[in-house]
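Chain A is the first sequence line, chain B the second, and so forth, proteins listed ahead of strands; every chain is numbered from 1.
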There are 2 protein chains.
Amino acid sequence: MPRAGLHPDAVVGAGAALADETGFAALTMGALAERLGVRTPSLYKHVASQEDLHRRIAALALTEAGDAVGAAIQGRSGRDALAAAAHALRDFVVTHPGRYAATVGLTPTGPDDPVAVAAARGLAPFEAVLRGYDVAAEDRVHALRALRSVFHGFATLEADGGFQFSTTVDDSFDWLVDLVHRGLVAAGGTAQVPQHGA
Amino acid sequence: MPRAGLHPDAVVGAGAALADETGFAALTMGALAERLGVRTPSLYKHVASQEDLHRRIAALALTEAGDAVGAAIQGRSGRDALAAAAHALRDFVVTHPGRYAATVGLTPTGPDDPVAVAAARGLAPFEAVLRGYDVAAEDRVHALRALRSVFHGFATLEADGGFQFSTTVDDSFDWLVDLVHRGLVAAGGTAQVPQHGA
DNA sequence: CACGTTGGCTAATTGTGATAGCTTCTGGCT
DNA sequence: AGCCAGAAGCTATCACAATTAGCCAACGTG
């Protein structure tokens, strides 16, 4: 009997893909095992439990999302960077709804929790975006949380089909980005001319 | 054997309370039955399924949240109304995390879905808040969605323990409210548009 | 007080997560 | 080449949660 040659990352990756295709709620150990051509208990050789699987998928999603956002803001700053970051995140969530859904409702166990680490990494590009605005040092945490709340909120609502007139959702998103931009500019009192790394 | 004298609303109310106390994930039919002093199958005389229960709890939460926000903005307008509404919603989510968690991940089946109706009702106070700002008629939908995204995002992140330094979360929230306020004011053009781009 | 309706129960089914313990493949070492 | 330890599968089995079927007792109404 030949071996399937699995390995934790393969299981997590397949789980994330399956969640994207069939919905996070349908991500059952049995379904995942079937997709991998293996019996259910075999999965437990690679992940400790379903919750462990969820957390690993969440960490993967946060890392991927952060990388996508990071790539999107390359060479941009100020409002351009903000818009690029926002759209990159939204695109990621729309394209990978299942794995992103794994990230909600997770309480990080501590600062060394892989989920927390991945979340921090996913947040880094947004810190970079903020550097294009004149936000006081002591307000950086608040501004970062604001960005997170805004775009996470919009993305999850959209992914859950929470907006009724789907035709205008794109416009709403652009409007939201503008709202945040205006709020950030006004926060500094001075409009810093976008200059990356300045 | 005396009857328990249950009734759908009692089941939904108890379910919401149980979810608040033990977490939405722990809201099992068995646990709810035990709390009501009844056997599990008896619940099915009052709710059609667990999903039905979830939807009813969600509708209850949205209605209650909307009422709380509506009460909070009485006699206020402009920035005061915005701040009052935001804090009322946040307080509700913090106080009733379980029932609010029931509202995420629900796709309304149609415009007559009780969940959709309750959501619309819960949104009404925010429309009222927006009337205190000079937002163009065609932008009202966008502005409403923005408010929803912002405060829903913050509330869910906070409820999930997603913010690391809990001591400053209150400040972050106030800062977020200010950010939105500034963005809304600048949207109308009535107030000081900061020297963005000179 | 008869009686239909309703609300509760027990019993049983199904699906899912998880563990135990056996077996077999694989890769390194002699 | 052949041996052996450990990893990676498997079958069998539990536990537990949701749900349904079908029975029976309590309640309200005539």
Closest listed nucleotide, where the reference is the side chain of A:Ser49 and the choices are C:dA18, D:dA8, D:dT19: C:dA18
Under 6.0 Å from the six-membered ring centre of B:Phe154 and within 45° of its axis: does the NZ or CZ of A:Arg145 meet both?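 No - A:Arg145 does not lie over the ring of B:Phe154 by the 6.0 Å and 45° rule.
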Assess B:Arg140 against A:Trp175: is NZ or CZ under 6.0 Å from the centre of the six-membered ring, and within 45 degrees of the ring's axis?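 The answer is no, since B:Arg140 fails at least one limit relative to A:Trp175.
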Please report the distance, rounded to the nearest Å, between [atom1] in [X] and [atom2] in [N].
X	N	atom1	atom2	result
B:Leu32	D:dT19	CG	P	12 Å
A:Leu27	C:dG17	CG	P	8 Å
A:His54	C:dT16	NE2	C1'	12 Å
B:Leu6	C:dT6	CG	C1'	12 Å
B:Lys45	D:dC23	NZ	P	12 Å
A:Tyr44	D:dG9	OH	P	15 Å
B:Leu43	C:dT6	CG	C1'	16 Å
A:Phe24	C:dT16	CZ	C1'	15 Å

Identify the pairs formed between an N or O of the protein and an N or O of nucleotides 12-17 of chain D at a distance under 3.5 Å, and give each distance.
unit_1 : atom_1 : unit_2  : atom_2 : d
D:dA17 : O3'    : B:Thr28 : OG1    : 3.4

Using OP1 and OP2 only, check whether a side-chain N or O of A:His46 sits under 4.0 Å from D:dG9. yes
Verify the contact: side-chain N or O of A:Ser42 to OP1 or OP2 of D:dC10, cut-off strictly under 4.0 Å; return yes or no. yes
Contact between [X] and [Y] at the side-chain level, heavy atoms closer than 4.5 Å - yes or no?
X	Y	answer
A:Leu53	A:Val11	yes
A:Tyr133	A:Leu82	yes
A:Arg55	A:Asp113	yes

Please determine whether side chain to side chain contact (heavy atoms under 4.5 Å, CB included) holds for the pair B:Arg182 and A:Arg182, giving the CA-CA distance in whole Å, both sets of side-chain angles, and the decisive distance to 0.1 Å. CA-CA 7 Å; B:Arg182 289 190 302 264; A:Arg182 290 189 302 263; over 6 Å; no
Donor-acceptor check, side chain of B:Ser42 to backbone of B:Val38, threshold 3.5 angstrom: yes or no?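 No, the answer is negative, given that no donor and acceptor are paired below the 3.5 Å cut-off.
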Would you find a donor on one side and an acceptor on the other, under 3.5 Å apart, between the side chain of B:Thr168 and the backbone of B:Asp171? no
Strictly below 4.0 Å, heavy-atom distances to any atom of DNA chain D: list the hits from residues 33-40 of chain A, or just say none. A:Val38, A:Arg39
Using the side-chain contact (heavy atoms from CB on, under 4.5 Å) criterion, which residues pair with B:Arg148? Sequence neighbours excluded. A:Leu157, A:Phe163, B:Leu123
